[in-house]
Amino acid sequence: MATTFSSELLPQLFPYVTQAKLTSNCHNIFVVRCRGHIPNESKSRSPQKVMVSTEARSTQLQPHDSTEPNFLKLLSRSCKAAKYNEALYFLECMVNRGLKPDVILCTKLIKGLFSLKNAEKAVRVMHILEQYGEPDVFVYNAVISGFCKVNKTNSANEVLSRMRVRGFSADVVTYNIMIGSLCNRGKLGLALKVFDQLLQDNCKPTVVTYTILIEATALEGGIHEAMKLLDEMLRKGLQPDMYTYNAIIRGMCRGGLIDQAFHFVRSLPAKGCKPDVISYNVLLRALLNQGKWKDGEKLVAEMFSRDCEPNVVTYSILISCLCRDGKLDESLNLLRVMKDKGLNPDTYTYDPLISAFCREGRTDLALEFMDYMICNGCLPDIVNYNTILSAMCKNGNANQALELFGDLPQMGCPPDGGKLWLWRQQTLF
DNA sequence: ATAGGGTTAG
């Protein structure tokens, strides 16, 4: 089958890549060159990191020896620089010297450690606060949220009882974290039970609570049920915001009710709101999914005229749908247009193009394209790699796939659950 | 200092 893209277009778009095309193992060359830009947190705990600079000298906040570093300041700096392991070290130095830990910094630190997937250390910070400082509900919410995000419900519940034992009761944010987590895992029924608990606990739901439930309900129970929740929150005097309305719009679009979605969007000004770029993106996606390109174009024009300019996601949607319809030339063209407008394509933007090259049986071009994105400051994520790995396996190039697979950890992109999937693919051969 | 939104693979 002939490729649907013109090979002349590539050199114009990717001069750097095509120039290097003839060198073998091009992918790795780019990888090595670009890896230097990957920000890498210093994990150093060496004493020379704990130097006192003049501006780090003692202030009035914490009494300490003037020959000793100001650990509070160092802690704050490390947190700001997202060096959380280092920050934990300074926190430990602080409390070892009898200084009281700062609760706000510790909350940040907990979030940061969870983002490094280090729940254990995050819990250690909570313990330090309990022992040497004064934890508050923000701290416990951060820990509960961290556990919920990695689906450790039991640990989250333990923290919940722990905070209660210490005299803190769950607030609406605590409830929203738990409700949101359940909804994300498709357990709307349980989420609604927790919602009942919230009400019995004479805790007042907020617009966020209802928005979470509306989103999940639109997905599971349909838009009709979701609209009932919208009515309920209005009856309670809660004012929906664009998060809420966009959840409704998305629900309508997902159910194929595009006309109703448009009608709803047109009614927003009367409700004191106006559609934002997300509302438009949802509508655009729905139109293009039905192949309504003319209407899509009109909508994009409206975005410009309504002072709601297309953003990276808008372009990603257009590029994705063009690729789906086999219009690779136009996709590549659009990629250039968005870059000219100063928008930075991300992994979502590039993936449909990678996918399109793969569909043409050109995993070689897909790899080159990946080099191109790396050199444009966008590191491929696991989805991008899986796109290529999958194509390689399908084309019977399992060895090539395995080689690339082996490179993932050093690319700063360790394989996900797709590892199992890869082995499943392998058994086909 | 904490909670909710749009677009990628299989």
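No hydrogens, no waters, no symmetry mates; every other heavy atom, side chains included, goes into these values. First the proteins, then the strands, lettered A, B, ... as listed; each starts at 1. Note that the structure is predicted; figures quoted are calculated from it, not measured.
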So what does [X] touch, heavy atoms closer than 4.0 Å: a base, only the sugar-phosphate, or nothing?
{"X": "M178(A)", "result": "nothing"}
{"X": "T206(A)", "result": "base"}
{"X": "S355(A)", "result": "nothing"}

Among [options], which nucleotide has an atom closest to any side-chain atom of [X]?
{"X": "V173(A)", "options": "dT2(B), dG10(B), dA9(B)", "result": "dT2(B)"}
{"X": "D136(A)", "options": "dA1(B), dT2(B), dG4(B)", "result": "dA1(B)"}
{"X": "N281(A)", "options": "dG10(B), dG6(B), dG4(B)", "result": "dG6(B)"}
{"X": "T107(A)", "options": "dG10(B), dT2(B), dA1(B)", "result": "dA1(B)"}
{"X": "D241(A)", "options": "dG4(B), dT7(B), dG10(B)", "result": "dG4(B)"}
{"X": "R250(A)", "options": "dG6(B), dG10(B), dG4(B)", "result": "dG6(B)"}
{"X": "V313(A)", "options": "dG4(B), dG10(B), dT7(B)", "result": "dT7(B)"}
{"X": "V277(A)", "options": "dT2(B), dG10(B), dG6(B)", "result": "dG6(B)"}
{"X": "F138(A)", "options": "dT2(B), dG10(B), dA3(B)", "result": "dT2(B)"}

In whole Å, I'd like the distance from the [atom1] atom of [X] to the [atom2] atom of [N].
{"X": "M338(A)", "N": "dT7(B)", "atom1": "CE", "atom2": "C1'", "result": "11 Å"}
{"X": "D346(A)", "N": "dA9(B)", "atom1": "CG", "atom2": "P", "result": "13 Å"}
{"X": "K108(A)", "N": "dT2(B)", "atom1": "NZ", "atom2": "P", "result": "8 Å"}
{"X": "N386(A)", "N": "dA9(B)", "atom1": "CG", "atom2": "P", "result": "11 Å"}
{"X": "Y84(A)", "N": "dA1(B)", "atom1": "OH", "atom2": "C1'", "result": "12 Å"}
{"X": "N141(A)", "N": "dT2(B)", "atom1": "CG", "atom2": "P", "result": "11 Å"}
{"X": "M392(A)", "N": "dG10(B)", "atom1": "CE", "atom2": "C1'", "result": "16 Å"}
{"X": "I104(A)", "N": "dA1(B)", "atom1": "CD1", "atom2": "P", "result": "6 Å"}

Answer yes or no: side-chain N or O of N311(A) and base N or O of dG6(B) forming a donor-acceptor pair under 3.5 Å.
-> yes
Using the benzene-type ring in the case of Trp, are the ring centres of Y385(A) and F405(A) under 6.0 Å apart?
-> no
Do Y245(A) and F264(A) have ring centroids that are under 6.0 Å from one another?
-> yes
If you measure only the distance, is there a donor-acceptor pair under 3.5 Å linking the side chains of [X] and [Y]?
{"X": "K236(A)", "Y": "Y210(A)", "result": "yes"}
{"X": "N384(A)", "Y": "T387(A)", "result": "no"}
{"X": "S267(A)", "Y": "K271(A)", "result": "yes"}
{"X": "N281(A)", "Y": "T314(A)", "result": "yes"}

